[in-house]
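Chain letters run A, B, ... following the sequence lines, proteins first, then strands; residues in each count from 1. Because only heavy atoms are used, hydrogens play no part in the values below, and waters and symmetry mates are left out as well, while side chains stay in. Everything quoted here is computed from the prediction, not taken from an experiment.
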Number of protein chains: 2
Amino acid sequence: MKKNKTETEQTIQNLMEKARQHFTEYGYANVTLEEIAQEANVTRGALYHHFKNKKGLFLAVFEVVQKEIGEHVEAAAAQSNNSWQQLINGCQAYLEGAVVSQNQRILLIDGPAILGWDTFRKMDEKYSMNSLREQLQFMQERELIKPISVEAMTHCLSGAMNEAVLWISDHSDQKDVKEEVMIVLKHMLESFRNR
Amino acid sequence: MKKNKTETEQTIQNLMEKARQHFTEYGYANVTLEEIAQEANVTRGALYHHFKNKKGLFLAVFEVVQKEIGEHVEAAAAQSNNSWQQLINGCQAYLEGAVVSQNQRILLIDGPAILGWDTFRKMDEKYSMNSLREQLQFMQERELIKPISVEAMTHCLSGAMNEAVLWISDHSDQKDVKEEVMIVLKHMLESFRNR
DNA sequence: TATTTTACATACGTGCTGTACGTATGATAA
DNA sequence: TTATCATACGTACAGCACGTATGTAAAATA
């Protein structure tokens, strides 16, 4: 019984959804492909047909999560036409996006270890860091920020936010903590400002 | 053939050394306990006698690495008696310590994923973040830095440095890149300064 | 000297991954 | 219309690596 294209895509969609749930809840190492396949009502054979291996499945899920957050950030930035406000909006949106639904586990904990540093780095550069870097670059060209290495600023800010995400998601009063982080981030950004 | 106490400790020492080498070079998942045991001239039985399991061995190695860097940071800070200089020295020492001999793989990549977030966090708080937090706290009490959440500053700075470490260690011209990072860090720190 | 504890080695079971192979069904071309 | 091929799975198997149970010799202890 051959399924038509939409049903095939549905199978893939299903597998990725269940995989995402399990990876976020239990962590990559504590999840078996059998579980995922069962919940998607197929066997591991189907899974291996659509994905190269366990890592491949994780990679697919990882990309989706990163894309989601990336879009969330872009949307938040687009709500203002002031460069500084865009930057700040983007940072805040990133914090929110990464914290919700335990995304941090896939993004920041398992991601680097499972994908390997180089693969992870490429992904992170492509989706997550890129918009930040471009924004900083853009602002530096207009002399809104000091002539400091954009790369260095990007990495330091990105790192600060990632650690902040992990810290925030570990707290019950996430809202308060997030505000504290935003204050710190604003200070940091301010230190780059040309005055 | 029972070994005396020193020889026993030597066995443990040996296992941990080889384990550290393998973990840093290939990553936790790509290392088998058989390899480690063989290189230490014992069987896996000996390994399991001294360590609870693979994770336990990793944890032991992880602690050693963190302790090493922590001491390196403290020593660097102690070279000045000016609070600001101590802070900057500490940051620089941390960058250097984490970059050398691929420590980042154990510390920042595998650490969180293998130990689990909560365990990792406790370790990191205990060894790595603590001196930074205490320094910031100390300086804030003397009104050298603004009344911003010390916790938030600590996490953001720590995150910035960790990401910076990974970025630096990915570059051939580590010295130049490290200097760029230090410039950024100094700006960030400056933004916390009370003026 | 008898007994327990330590420091290993050996042997085995088990879970999970990946792979090879089988099969049914829809698409395609002669 | 039929023969052939590709797709989308399922099934069965192999192997690796972990952990555990058990054995053993030597040192510590009583």
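Among C:dT19, D:dT11, D:dT20, the nucleotide with an atom closest to any side-chain atom of A:Y48 is C:dT19. Of the candidates C:dA7, D:dA8, C:dT19, the closest approach to any side-chain atom of B:H50 belongs to C:dA7. In the set C:dT19, C:dA9, D:dG10, the nucleotide with an atom closest to the side chain of B:A46 is C:dA9. Checking C:dT17, D:dG19, D:dC9 against the side-chain heavy atoms of A:L33 singles out C:dT17 as nearest.
Spacing between atom CG of A:N30 and atom C1' of C:dT17 amounts to 15 Å, rounded to whole angstrom units. Note: NE2 (A:H49) to P (D:dA8) measures 4 Å, nearest angstrom. Regarding B:F51, its CZ atom lies at a distance of 16 Å from the P atom of D:dT20, rounded to whole Å. Atom pair A:K54:NZ and D:dC16:P shows a separation of 19 Å (rounding to whole Å applied). Atom CG of B:N14 is separated from atom C1' of C:dA7 by 15 Å (rounded to the nearest Å). If you take CD of B:E7 and P of D:dA27, they are 10 Å apart, rounded to a whole angstrom. D:dG19 atom C1' lies 13 Å from atom CD of B:E34, rounded to whole Å. The nearest whole Å value for the distance from the CD atom in A:Q10 to the P atom in D:dT7 is 20 Å.
A cation-pi contact links B:R193 to B:W84, judged by a cut-off of 6.0 Å to the six-membered ring centre and 45° from its axis. Cation-pi geometry between A:R44 and A:Y48 is not met at under 6.0 angstrom from the ring centre and within 45 degrees of the axis.
Atom CD of A:E63 is separated from atom OH of A:Y127 by 4.0 Å, given to the nearest 0.5 angstrom.
The base of D:dG10 has none of its N or O atoms less than 3.5 Å from a complementary donor or acceptor on the side chain of A:R44.
Using a 30° and 60° split on the angle between ring planes, B:H171 and B:W167 fall in the perpendicular class, above 60°.
In this model, the phosphate group of C:dA7 is not approached by any side-chain N or O of B:T11 to a distance below 4.0 Å at OP1 or OP2. Contact annotation: B:T43 side-chain N/O to C:dT10 OP1/OP2 distance is not under 4.0 Å.
Residue A:T32 is in sugar-phosphate contact alone, with no base atom involved, counting any heavy-atom pair closer than 4.0 Å across all strands shown.
Applying the 6.0 Å contact sphere to CD of B:E143 captures no more than 12 heavy atoms from other residues, nucleotides or ligands.
Looking at which nucleotide of DNA chain C each of B:I12 and A:Y28 is closest to, the 5′-most match is held by B:I12.
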